[in-house]
Amino acid sequence: MHSIIGLFGLLGGLSLCSAAPAQNITSDVYFYGDSPAVYPSPEGTGTGSWATAYEKAKALVAQLTDEEKVNLTAGVSSTTGCSGVIAAIPRVNFPGLCVSDASNGLRGTDYVNGWSSGIHVGASWNRTLAHQRAVYMGQEFHRKGVNLLLGPVVGPLGRVAEGGRNWEGFSNDPYLTGALVYETVQGVQSSGVGVSTKHYIGNEQETNRNPGVEDGVEIASVSSNIDDQTIHELYLWPFQDAVRAGSVAIMCSYERINNSYACQNSKTLNGLLKTELGFQGYVITDWGAQHGGIASANAGLDMVMPESTLWGANLTTAIANGTMEASRLDDMVTRILATWYQLNQDTDFPAPGVGMPASAYSEHQAVIGTSSDEKGTLLDSAIEGHVLVKNTNNALPLQPSRLVSVFGYDAKIPDAFDLTFTFLSSSPPIQNSTLYVGGGSGANSPAYVIAPLNAIQQQAYQDSTAVLWDVSSQDPDVDPTSEACLVFINSFATEGSDRPGLTDEYSDTLVTNVAGKCNNTIVVVHNAGIRLVSDWIDHANVTAVILAHLPGQDTGHALVDILYGRANPSGRLPYTIAKQASDYGTLLHPSEPQTPYGLFPQSDYTEGVYIDYRAFDKQSITPQFEFGFGLSYTTFDYSGLNIQKSNGTTSEYPPSATIQEGGNPHLWDEIVTVTAEVQNSGSVDGAEVAQLYVGIPNGPIRQLRGFEKVLIASGQTVQVSFSLNRRDLSTWSVEAQQWQLQSGTYQVYVGRSSRDLPLTGEFTL
Ligand SMILES: *[C@@H]1O[C@H](CO)[C@@H](O)[C@H](O)[C@H]1NC(C)=O
Ligand SMILES: *[C@@H]1O[C@H](CO)[C@@H](O)[C@H](O)[C@H]1NC(C)=O
Ligand SMILES: *[C@@H]1O[C@H](CO)[C@@H](O)[C@H](O)[C@H]1NC(C)=O
Ligand SMILES: *[C@@H]1O[C@H](CO)[C@@H](O)[C@H](O)[C@H]1NC(C)=O
Ligand SMILES: *[C@@H]1O[C@H](CO)[C@@H](O)[C@H](O)[C@H]1NC(C)=O
Ligand SMILES: *[C@@H]1O[C@H](CO)[C@@H](O)[C@H](O)[C@H]1NC(C)=O
Ligand SMILES: *[C@@H]1O[C@H](CO)[C@@H](O)[C@H](O)[C@H]1NC(C)=O
Ligand SMILES: *[C@@H]1O[C@H](CO)[C@@H](O)[C@H](O)[C@H]1NC(C)=O
Ligand SMILES: *[C@@H]1O[C@H](CO)[C@@H](O)[C@H](O)[C@H]1NC(C)=O
Ligand SMILES: *[C@@H]1O[C@H](CO)[C@@H](O)[C@H](O)[C@H]1NC(C)=O
């Protein structure tokens, strides 16, 4: 059915015209659905930790003129290096705001670090690391006067295997992503810098993410058509954790959801975010993602970036003529200013964007963002996201006494790194130098880069051994006395386009060329997303393979620590690697506009929650390397599964409980605890990621619902414990509009990966 409200959502049309020209919308049969109307926009109430900030904000708002209020709701053109700027209001001593990219380090300036990317943190499965990395990253943004970090990313969630931005997020699983975003939000914000968790919501592909014109015809953004249960159990889940952690802003995305643009979708903004999750901060647009005027304000949008051609004085006109309530404008501004107080940015905050050059090589002050305390975490965050997936003949760790040979374009440092900071925006499928971050707004600006080849040279210097290298040929000669041949390839991805595939022929041929000549070939892949390995994974001469992801500036040092056994690999795959691309089915490629739907591209999420390992499990497809998989230089044994129902296991769940940030507080009631023993049965110390999966009655075969990363000394045993709360064990009921525990038998699995689960048990609720 195509309701009037649906049309409003579609055209952004409560009053102001949409940015998109009139379109032929006579064909409602093409639409999967529309987005329910949820009005009015809930006002921020200042719940929980926000009370004082809201009081102060309200007092300040009371002093502002309408024009000043309006000015706080949209950016002005930036004369600093900030990605976006809210102008100062000197009359009330408000210095303005600087918001800047992004999730993996501050981009576009000097004297900051290039941190490991989201996917690398996901592969670390380490909450403490996620937290520490975020604290230090936040401190760098603080020193540069950045009020809001434009990240972290939890959407995309990796629905589309070729998705161009999957690497910016942590993983393809909502639970793992949620746990890591929680730590990231708290870490960054503990440094006094806000985050804008993004991209809300259903931003699962780059293809057609923005409206465009083809053959003179306006084409809308792709519509992510997501049913209510799927959005709760998958895509909203990590946003819920981010809101619970106090994320002061949420960035709405480019896509449409159920045919209504994300930045004017009243169901997702007013409904899910501000009502159900009780969000107290403000909604900020992605750059240029505003398509409706007053419609977007009424739908719950609070701030437009980089500038708004639709709001401005129109907001006050709309209030005067009754199309918008004055209280909505006050609420927008209250949310924005409350955030400024909540982070104590009203006291002791540097000038917005201090020391960030407005453009490459323009005059600017040298403001040091880095600090020597960060070094340990910077290196650890680079190490822990490496995933060892093959290791035969004791190939690793290396014990070279004479000579290693190094091959492949990915071993070397780029020819130049300059302050235009855009060199990584070249085209997929590969970057012709070592890949330590992906491209686009999620790229970063490293203080230096230690490429693998440089770090290996340094190791040879220390060991008094030798290195031979050829990092330009695809078919290099091999010294037959090499003890090991290290081949470096990568798999690039960038914002703005989806990846052309999950392999590339140039790199695969390079690997097989070396393996044909060297019986101890060790392959290192810097992969910005899923990378298939079937062309050479079973080659007898390929003795070890590391999926090295995107480690940031310490990439070479981190790798060499692993290669030489100073660090024991502890990363685990945060996604599934298939044997062949077709195993991802319809989720391999992004949705493309099709005739006759061309004007309004549709992406129907008919697979429900069955993405990544949930889909492989359901369809009984054997992956090459399953979600959660990764090797170590030691081995771990599991025993002693114990399942305990906690007090209050009952279905007591007051739906009327006062909503706190993150939703109904009873979602976090502990229902069941699970413990197990893990022994390090090998000869070296190492870290294991103990994983807990639950089969909820009538749900997917199993879903990750707990993990604990523990360092275990050789021969020692430790206990791991997992706390399962109400949300972990519930299914979203569309009918009841709440999470519900299921009656029946729950399956419990504990082990090393999603398919290597030595301990099994069950309980009944
Ligand atoms: C609009 O829809 C009508 C009715 O289906 C059709 O006849 C017409 O060709 C369409 N116009 C465009 C520009 O697609
Ligand atoms: C999208 O449409 C589906 C199917 O009608 C509905 O279940 C869901 O709540 C809608 N979601 C949004 C955000 O509009
Ligand atoms: C509001 O912003 C406009 C455009 O940047 C500016 O010209 C005007 O002076 C601002 N008004 C106030 C009261 O700050
Ligand atoms: C997790 O990360 C922290 C911080 O970098 C590190 O100290 C700790 O050893 C890591 N935990 C494990 C089990 O590897
Ligand atoms: C008001 O909206 C119209 C488009 O509807 C736009 O052309 C105009 O620039 C807007 N005014 C301001 C002050 O932003
Ligand atoms: C109210 O004001 C807005 C903003 O200028 C304008 O777009 C809209 O058409 C007006 N509506 C009425 C009913 O006057
Ligand atoms: C990478 O760069 C080297 C050196 O410039 C060149 O020889 C090689 O062909 C390039 N490889 C690719 C795949 O572009
Ligand atoms: C493995 O490497 C050796 C050289 O060490 C070579 O002779 C042999 O042909 C290679 N094996 C394969 C299957 O390519
Ligand atoms: C690999 O090749 C080297 C040198 O050619 C040889 O000494 C060694 O035994 C071979 N190793 C295996 C496992 O075949
Ligand atoms: C919860 O369980 C603990 C330990 O079994 C017990 O001491 C406590 O009284 C119980 N609390 C409630 C409210 O039942």
Side-chain angles (χ1 to χ4, degrees), residues 116-130 133 157-158 166-167 169-181 183 380-391 396 524-531 533 537 544-551 558-559 562 567-578 612-614 616-617 623-638 676 678 680 682 684-693 702-712 718 720 722 749-759:
S116 55
S117 292
I119 194 174
H120 208 80
V121 180
S124 81
W125 295 64
N126 185 333
R127 292 180 176 89
T128 314
L129 176 61
R133 166 184 177 272
L157 190 66
N166 294 354
W167 62 274
F170 300 105
S171 87
N172 292 8
D173 177 86
Y175 183 92
L176 176 57
T177 300
L180 297 173
V181 79
E183 298 297 337
D380 191 33
S381 87
I383 290 172
E384 288 195 46
H386 286 77
V387 183
L388 177 67
V389 294
K390 181 175 183 183
N391 191 16
L396 293 178
V524 177
V525 189
H526 285 115
N527 54 319
I530 294 171
R531 178 35 161 112
V533 294
I537 191 72
V545 177
I546 294 176
L547 293 169
H549 296 117
L550 303 169
L559 181 81
I562 288 171
N568 191 344
S570 65
R572 304 290 182 260
L573 293 177
Y575 51 74
T576 300
I577 298 188
D612 202 74
Y613 71 90
R614 289 166 173 78
F616 280 68
D617 288 350
Q624 180 74 57
F625 296 118
E626 72 272 18
F627 177 85
F629 175 76
L631 300 170
S632 162
Y633 296 152
T634 185
T635 50
F636 300 99
D637 291 342
Y638 283 75
V678 186
N680 180 340
V684 292
D685 300 350
E688 170 66 328
V689 179
Q691 300 165 39
L692 169 86
Y693 295 83
R702 63 183 78 88
Q703 308 193 71
L704 183 73
R705 285 297 187 257
F707 64 93
E708 198 185 336
K709 188 169 194 178
V710 277
L711 197 58
I712 313 178
V718 303
V720 289
F722 311 95
Y749 309 86
V750 174
R752 307 175 187 93
S753 76
S754 64
R755 295 224 168 180
D756 183 358
L757 296 159
L759 305 182

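Atom CG in L573 sits 10.5 Å away from atom CG in N172 (nearest 0.5 Å). The structure places CG of N680 at 6.5 Å from OG1 of T635, a figure rounded to the nearest 0.5 Å. How far CG of D756 is from CZ of F636: 12.5 Å, rounded to the nearest 0.5 Å. Interatomic distance, I530 CD1 to Q624 CD, rounded to the nearest 0.5 Å: 13.0 Å. To the nearest 0.5 Å, the span separating CG on D612 from CG on N166 amounts to 9.5 Å. From F625, atom CZ reaches atom CD1 of I537 across 4.0 Å, with rounding to the nearest 0.5 Å.
Nearest heavy-atom pair across L180 and N126 is CD2-O, 3.9 Å. Nearest heavy-atom pair, S632 versus N568, reported as atom, atom and distance to 0.1 Å: OG-OD1, 3.1 Å. A pairwise comparison of heavy atoms in P623 and F616 identifies CB-CD2, 4.1 Å as the closest pair. Across A130 and V121, no two heavy atoms sit closer than the pair CB-CG1, 3.8 Å. The shortest non-hydrogen separation linking H120 to S116 is CD2-CB, 3.7 Å.
Looking at R755 and D617, their side chains come closer than 4.5 Å, going by heavy atoms from C-beta outward. P574 has its side chain out of reach of D173: every pair of non-hydrogen atoms, C-beta onward, lies at least 4.5 Å apart. Side-chain contact between Y575 and I119 is present, with at least one heavy-atom pair separated by less than 4.5 Å. At a threshold of 4.5 Å between non-hydrogen side-chain atoms, the residues H386 and P551 count as touching. At a threshold of 4.5 Å between non-hydrogen side-chain atoms, the residues H526 and R531 do not count as touching. Between I712 and T634 there is no side-chain heavy-atom pair separated by less than 4.5 Å. A 4.5 Å side-chain heavy-atom check between R702 and L757 finds at least one atom pair inside the cut-off.
In this structure Y749 satisfies the ring-ring contact (aromatic ring centres under 6.0 Å, His included) test with no other residue, sequence neighbours excluded. With sequence neighbours excluded, no residue satisfies ring-ring contact (aromatic ring centres under 6.0 Å, His included) with F722. A544 pairs by the side chain to side chain contact (heavy atoms under 4.5 Å, CB included) definition with N391, A395, L396, I522, not counting sequence neighbours.
Judged by the 6.0 Å distance and 45° axis criteria, R127 is positioned over the aromatic ring of F707.
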For this session: Quick one: do I562 and Y633 satisfy side chain to side chain contact (heavy atoms under 4.5 Å, CB included)? Show the steps, please.
Result: CA-CA 10 Å; I562 288 171; Y633 296 152; 3.6 Å; yes
Exercise. Are V389 and V533 close enough, and set up right, to give a side chain to side chain contact (heavy atoms under 4.5 Å, CB included), and what steps lead you there?
Worked result: CA-CA 10 Å; V389 294; V533 294; 6.0 Å; no
For this session: Test F170 against V181 for side chain to side chain contact (heavy atoms under 4.5 Å, CB included), laying out the working first.
Result: CA-CA 8 Å; F170 300 105; V181 79; 3.9 Å; yes
Exercise. Could you go step by step and tell me if S570 and V689 meet the side chain to side chain contact (heavy atoms under 4.5 Å, CB included) rule?
Worked result: CA-CA 8 Å; S570 65; V689 179; 5.8 Å; no
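Side-chain atoms of K709 come within 3.5 Å of backbone atoms of S124 as a donor-acceptor pair (strictly under, hydrogens ignored). A donor-acceptor pair under 3.5 Å is formed between the side chain of Y613 and the backbone N or O of L704. The backbone N or O of H549 sits less than 3.5 Å from a side-chain atom of N527, completing a donor-acceptor pair. No donor-acceptor distance shorter than 3.5 angstrom exists from the side chain of E688 to the backbone of V678, with no hydrogens or angles considered. Of the possible polar contacts, one joining the T177 side chain to the S171 backbone as a donor-acceptor pair under 3.5 Å is found.
Using a 4.0 Å cut-off between a side-chain N of Lys or Arg and a carboxylate O of Asp or Glu, E626 and R752 do not qualify as a salt bridge. Look at D380 and R133 and you find no salt bridge, because none of the NZ, NE, NH1 or NH2 atoms lies under 4.0 Å from a carboxylate O.
If you look at W125 and F627, their ring centroids are closer than 6.0 Å.
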